[in-house]
Structures are given as C-alpha cells and as structure tokens.
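Computed from heavy atoms alone, side chains included, the values below leave out hydrogens, waters and symmetry copies. Lettering follows sequence order; numbering is per chain, from 1. These figures come from a predicted structure and were not determined experimentally.
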There are 2 protein chains.
Amino acid sequence: MVTIRDIAERAAVSVSTASRALNNNPRISRETRLRIQSIATEMGYQPNYNAKTLTNGEANAVGVIFPPGDMSTAANPFFVDLLMGINTQLRLRNAVLSVAIANTTEELTKNVLALISQSLIHHFILLYSKANDPVVELLKSQGVQYVLVGDPTQDNERYVNNNNRLAGAKALEYLNRHFNSRHVLFVESEMEQGFEKQRRLGFESAAQQLGVKRELLKLPDKAMQHLDQAVAQYLDNRRDIDGIMTTDDLIGMMVYQLTRQQLNRQVPLISFNKSQSNILIGDQVRFVELYPQHMGEAAVRVLFSETKQFEMLPFTIEKV
Amino acid sequence: MVTIRDIAERAAVSVSTASRALNNNPRISRETRLRIQSIATEMGYQPNYNAKTLTNGEANAVGVIFPPGDMSTAANPFFVDLLMGINTQLRLRNAVLSVAIANTTEELTKNVLALISQSLIHHFILLYSKANDPVVELLKSQGVQYVLVGDPTQDNERYVNNNNRLAGAKALEYLNRHFNSRHVLFVESEMEQGFEKQRRLGFESAAQQLGVKRELLKLPDKAMQHLDQAVAQYLDNRRDIDGIMTTDDLIGMMVYQLTRQQLNRQVPLISFNKSQSNILIGDQVRFVELYPQHMGEAAVRVLFSETKQFEMLPFTIEKV
DNA sequence: CTGTTAGCGCTTTCAG
DNA sequence: CTGAAAGCGCTAACAG
C-alpha cells in the first residue's frame, strides 16, 4: 500500500506538503502541486479513506436508506436504477455508498444510528417518505444532512421528485390528443402512495379541462382471488372506454390484456414506471418515463449543494 | 462522542485494558471485562470503525456488487430482498454494507477497486455471475474474499444458490400430481440466464420420467410488437396444453391471461420469482418460493465461514 | 509557500 | 492479568 509518506519521500517534500498538494490546497505552488500529483498517480496512490475520516471526523460515504420491510414493495423496480444514478455521482466525488435496510422501522433506525456514530456518515438519501418517521427524527436530531427521494412530508425538507401531478395531466392530454380518447379509465392501487395520488389529481384536473369523461378504478390492496374477472366485469359495464392510464406497468399489463379480450379491441394505454419487462407493448401503448437514474443523480447533487433545496425532474412520454 | 479513553478513565483502567475487555480478549479477567462492558453500554459507547479499520487494516464493511447495467434487469425483483437478508446478517456481526454498482463493467471494476484499496474492504458478495468477468479477476488478484449469489462459473468458487434444476423438476411433478397435467408448456426468455437453463433441464428430465408431453416456448429477447398475439397463436396450435411453467411472474401473468382467453379455460400455472405484485392469482396458480432473503443471509454466512464452500437453499411450492 | 508536530480512536507489541 | 507506548495514514494547527 502506497501512502502519502512514500510520495513525500519520493518528491523530497514533507508529508504535509504532499497532503496539501493532493487535496489541491491553494497554499501549494502550482508547480509542486502538479509534480506531486503526477508522482502520486504514477505510484498508484490510493488515499486511505479510513484515515481521512478519522482525522476529518466525517466520512466520505453516503448512506442510502431503503424503506422498511412493510413498505419496501413500493418503488421496487426503481431501486436499482436509483442506486445506479446515486453511485455514478458519488464516484465522481470519490465517495462511496453505504446502505441501511431492515424489515422493521425499529431495526432500520438502529442501522442508521450505527452508520452515523460508528462510521461517521453525515449524509443520507432517503428512498421513502412517510409522516412521523422515526428515521427522519433521528437524522434531524443527529444533525446530519439528508435528502428525500419522493414527496416531502415536512416543510424545509430537501428532496428530489417528479412532478407527478403534471405527469398525470400530461398523460391524459396525450391520450386525448394522440388517440382522441374521450372516456378514460384511471387505475390505481389501494395503498395510495403519495405519487399515485398526485398523478390522479393531475389526471382529474386535465380531464375536467378537456371535458373528458373519467372513470376511477381502485384495485384492492390484497391479492384477490378473481381480480381479473372483477376487472373484466368492470370493463364490461363501461364498454366505451377509449383510453386507460395505470400507475404501474404490471397493472397496466393486466388491464391491457383484459380490455383487448373483453372489449374486443385495442384500447390506448399509458402507464408509469416502465419496468424491466419488455412485455407490455403495442402501437397504442405509451409510458411515462421518469428517469429514475437521473433522480438518483439529482439526489446527490442536492445533498452536496449548499443552497439547493430540491430538484424537480422532467419526465417524457414514450413509445415502448 | 464517547471514546475508549472515557471508558478507561471511568473504569480506572488503562485504555489497553478497556480495548481488550471490549473485544472479549481472554487475557482480561472475566470480572473486569464484564465491569468494563457494562460501563461501556451505560455510557452508550459506539466504537469508531474508522479507527478500528485503520489499525486492523481491514474494514468491517462488506461490499455488495450489483450486475453491470447491461445485465441488471436479470434478477431485479430479488435485489431488495437479497439486500435485506444480507444486511440482517451483517448487523448481527456489527458490519455494514457498501455497494458497488455501475453501468459498465469497466466502471464497476473501478468501483470495486476503490472499495478495496480506499476503504480496505476485504469481503464481497457478488450478485451476478458470468464467464470471464473482470470483476472476479480483480477480486481474485487482490486476494479478497467473495461469495457469489447464483450459479458458479469456476471451480473452487464459493456461492449460495437454489437448486434450480431440482426446482424445475419438482414444479413439474407438482403440476402432474396436483393438477394431473399431461402436456406442459415451459416458457423461458431468450437471454438464457443460468438459472433458467437449470430449471428447464429439471423440467425436461422430470417430464421424461413422468411421461409428460412437453413444449418449449422461448420469448424473444427484445420487445416485440405483437408478442401477445404471437403467443396466442402459439397456444392456439397447442390447445390441449394443461399445465404451464414460466421462469418469472410477469411472463406468467401474460401467458396465464392469454391461455384463459385463447383456450377458454383455466390452465394450471406455476411460476418462479413471485414478484411484489399481487396480481397473478387464482385457484390453479402456484409459484416456487426461493426465499431471496434467506439467500442473502446465507451469502454472509458462507462469506465469514472458514470452511463452508457453498450453501444450497431450499425452495417451496406455494399457493399465492 | 513549506516543514514540524500533535493527534484523530483504536489495537498491539512489549514490559511488567 | 494489566499498563505504557508506539503507530495505523492522514490532516491541521503552528511556526517559519
């Protein structure tokens, strides 16, 4: 392992000079700075971040906090992309990614506390939001930085998000404009995540504006024996539906097939959250791309920004 | 921050004694050891792991390596559960979880190298496997420990896995026994992940043994415009199919609906990887539960075991 | 602009 | 069984 000492020696300077040079301290002459840096890369120097953390009192790691078990399904397909985005930004800053994840809020809290006090992590990204969350309390009481991915529940909370309401509205407009939909069904799950609600609100207001007739179908929370039959029947009673919006891909797929089968025609459909599956596809299928990877990147930017309180990310409507 | 010094002081012993006591060093009398430990908990002592790592030369962190971008879709719904399992075990050992994730293998390799040389992480869990992987080369050349989640590609590689072959066989037997299936369709994706292949092999051998007629349908890799219609037609040509096995839930759902629609009856179906969705459901639907959370736990156990080379995890067949 | 030195919190010889 | 002291790699006064 090549240390800062080795470099100092080789460059015939003191360790402090070496340290400063490597950290771009302006007090070092440009000349020696560059010389030392080139020696460092030449020797394959890799700073020991544990030593750094020990002296700085602050880790180069960012903690990513997953939802506790009981709500972990929420944004599932998103997570990998989010992590990807977060980590690309972290790597640019020579930081690393730690995760906190547990089945219960209690365990999760312990986990986060351990990261704070044992690893000296002072920066967190929270992948869920709920009211009165003990984890958030902890973060605040420990005075560490965090940003939320999703809908903020408190004032003065830093976050990144999509404008789900706008997306809901635009999606409906899209259906109306491109497929001439005049009677649109909005399908959501029972659990009423914040983002679903926003999308519905956007959908509703746009429908009203455009004079589009709207239907609302809430799928039961728990698995239901004959869900598909129930949906089929529902559709059968509304045979002139000519557009569908669903809050996720999977639901989208089911409904899509059922409509084809039940109404005996293809109904234009727009869904959120294109999942990795490449199954839901067709001429009249669209989805709202939310760019989870970009959200991850934005989260890191906000986290390390001095001033920025939030970032609202763009979305697009795409053919599959 | 309460340090080991504070404890030593309060206990009227030297720091070295305190250190030894806290690390259960047998050279300390049981008596003082307990006394010091109780003082520590009383004072809410949390060891600084950066300092520990600095002296030990080895971190208390485990690196979890995600598949590079181009293969990340593979086990997607699994990941969160895996992380959950891994982390519960890590927390028991007072270890923390770091992740390496990147879009390209090259970036990923850099990421892992950074973890090894900058954070001194010497233990890794690899969430994918492919032949001649540079990341694996790196792990080996750096002499760090790792275990693989999935099919090992090299001899002498430590891993945890499901017996996918057995699972494929058992699943077919189940269909045959419980639903009296005599003509079964196996649906797989084009990308031919290792586990899919194993499941198919199991399926095939069991079918042969039981004298069950078998069909194989490989879904195209890329999205296809009228995939569902193609599948529908495929089914139409094999109208006496009386059992289906799919390698994942999503495909399962599509095929399930298509069969109902096309064949006008319910065909018993068994799928792998129950995803978080609660949509695929019915009297004649089963899935093979692989307990990803347990796999995560097992991975940690193998990683820290001196002797264990692998763990093969049980599966069960469940009603939804 | 650069060097000397102390010290971050912990473990581990080496001495008793 | 316990203590004193050195040192892990790095940064940051302080002093030139």
Qualifying residues under side-chain contact (heavy atoms from CB on, under 4.5 Å), relative to [X], sequence neighbours excluded:
| X | value |
| --- | --- |
| P314(B) | none |
| N56(B) | K52(B) |
| E9(A) | none |
| V15(B) | I4(B), R5(B), A8(B) |

Go through the structure and list residues passing side-chain hydrogen bond (donor to acceptor under 3.5 Å, both in side chains) with [X], not counting sequence neighbours.
| X | value |
| --- | --- |
| Q142(B) | none |
| N60(A) | none |
| S38(B) | none |

Exercise. Hey, what bend do you get for the helix from dC1(C)-dG16(D) to dG16(C)-dC1(D) if you fit axes on five pairs at each end, rounded to 10°?
Worked result: 40°

Table please: side-chain donor-acceptor pairs of residues 88-99 of chain B below 3.5 Å, with sequence neighbours left out.
from	atom 1	to	atom 2	distance (Å)
T88(B)	OG1	G85(B)	O	2.8
Q89(B)	OE1	R93(B)	NH2	3.3

Exercise. Using a heavy-atom cut-off of 4.0 Å to chain A, what are the terminal contacting nucleotides of DNA chain C, in 5' to 3' order?
Worked result: dC1(C) to dG9(C)

Seminar exercise, completed: For nucleotides 9-16 of chain D, 5' to 3', base contacts (B), sugar-phosphate-only contacts (S) and non-contacts (-) with protein non-hydrogen atoms under 4.0 Å give BBBBBBB-

Without placing hydrogens or testing angles, list every side-chain donor-acceptor pair under 3.5 Å for residues 25-33 of chain B, not counting sequence neighbours.
from	atom 1	to	atom 2	distance (Å)
N25(B)	OD1	R27(B)	N	2.7
S29(B)	OG	T32(B)	N	3.3
S29(B)	OG	T32(B)	OG1	2.7
T32(B)	OG1	S29(B)	O	3.1

